[in-house]
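We're numbering straight along the sequence, starting at 1. Remember, it's 1-based here, ligands and their atoms both numbered in the order they're listed. Any value given below was found using the heavy atoms of this structure, including those in side chains, with hydrogens, waters and symmetry copies removed.
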Amino acid sequence: MDAGRAPARLKLSEEVDRVQRVVCPGSFDPVTNGHLDIIGRAAGLYDEVVVAVLINVTKHGLFTVDERVEMLHEATARYGNVRVDRFHGLLVDFCAANGITAVIKGLRAVSDFEYEMQMAQMNYRMAKVETLFMTTNPLYSFLRSSLVKEIAKYGGDVSGLVPDAVLSRLRERLAQE
Ligand code: PNS
């Protein structure tokens with residue numbers, strides 16, 4: 001056997017065996033079609049995508065974390081390699097606990113860039129966790145959960161901006177307020 005070729009073979013099998021697991025983190029209060037565009041594209045690129053909902057005890061959302069997770073489950077059910085989870089504390093700790101080496105973020109506009117860059121650099125500094133940015137589909141470049149909630153609250157039409165299951169939950173929740 002050619003001993004000189006063994007390390008190259010070993011390296012190849014290590015690369016093949018390695019699961020490329022990434023995380024799409026966020027508040028998802030609620031998930032929008034913009035989020036789903038990024039999650040779906042990430043699912044096409046990586047072996048596993050973990051959608052991680054931040055549990056923020058200091059911020060009261062329109063939907064509970066359980067409801068957000070449930071809506072994400074429904075909206076991502078078509079992808080076999082997407083799992084939904086929740087986390088509190090530092091994102092880098094969640095990554096370490098789940099064997100995740102990279103964070104996927106959507107960038108809508110230049111206004112997103114500064115803060116996202118700070119978080120990306122801080123996460124890399126803390127734990128060598130990489131952040132990969134995807135440009136948002138121009139169809140959704142103006143879309144954010146807070147705007148969806150505000151528009152829906154005042155009776156505006158948000159169909160086409162969120163999945164249908166979210167639309168009905170939004171109507172229900174806002175009718176109760
Ligand atoms: O949807 P959002 O609210 O813009 O998501 C922000 C999120 C959850 C990605 C970010 O706040 C986060 O990662 N929070 C976890 C706490 C943390 O790790 N903070 C240090 C960031 S450098």
Report task. Considering only protein heavy atoms, determine whether one is less than 4.0 Å from atom 7 (C) of ligand 1. Result -> no
Query raised in the report: For residues T58 and N56, is any side-chain donor paired with an opposing acceptor at under 3.5 Å?
Result: yes
Report summary line: Looking only at non-hydrogen atoms, the one of A127, G61, G89 nearest atom 15 (C) of ligand 1 is G89
Query raised in the report: Rounded to the nearest 0.5 Å, how far apart are CG of L62 and CG of L174?
Result: 5.5 Å
Query raised in the report: Is there at least one protein heavy-atom neighbour under 4.0 Å from atom 17 (C) of ligand 1?
Result: yes
Query raised in the report: K105 near ligand 1, heavy-atom distance under 4.0 Å?
Result: yes
Query raised in the report: Looking at atom 5 (O) of ligand 1, what's its closest protein heavy atom, distance included?
Result: G26 CA, 3.5 Å
**Report entry** ligand 1-proximal atoms of E116, by part, heavy-atom distance under 4.0 Å
**Finding:** neither
Requested in this report: Say whether Y115, considering both its backbone and side-chain N or O atoms, lies within less than 3.5 Å of an N or O atom on ligand 1.
Outcome: no
Query raised in the report: Does any N or O in the side chain of R68 come within less than 3.5 Å of the main-chain N or O of F63, such that one atom is a donor and the other an acceptor?
Result: yes
Query raised in the report: Would you say D47's side chain and N81's backbone share a donor-acceptor pair under 3.5 angstrom?
Result: no
Report summary line: For atom 1 (O) of ligand 1, the closest protein heavy atom turns out to be S27 N, 2.9 Å
Report task. Give the single entry among V129, L91, N123 that approaches atom 21 (C) of ligand 1 most closely by any heavy atom. Result -> N123
Query raised in the report: Only one of V31, L36, D37 forms a side-chain contact (heavy atoms from CB on, under 4.5 Å) with N33, so which one is it?
Result: L36
Query raised in the report: Just by distance, with hydrogens left out, do T64 and D66 show a side-chain donor and acceptor under 3.5 Å apart?
Result: no
Query raised in the report: Which heavy atom of the protein is the closest neighbour of atom 10 (C) of ligand 1, given with residue, atom name and distance?
Result: M119 SD, 4.0 Å
Report task. Answer with yes or no whether the side chains of R83 and N98 bring together a donor and an acceptor at under 3.5 Å. Result -> yes
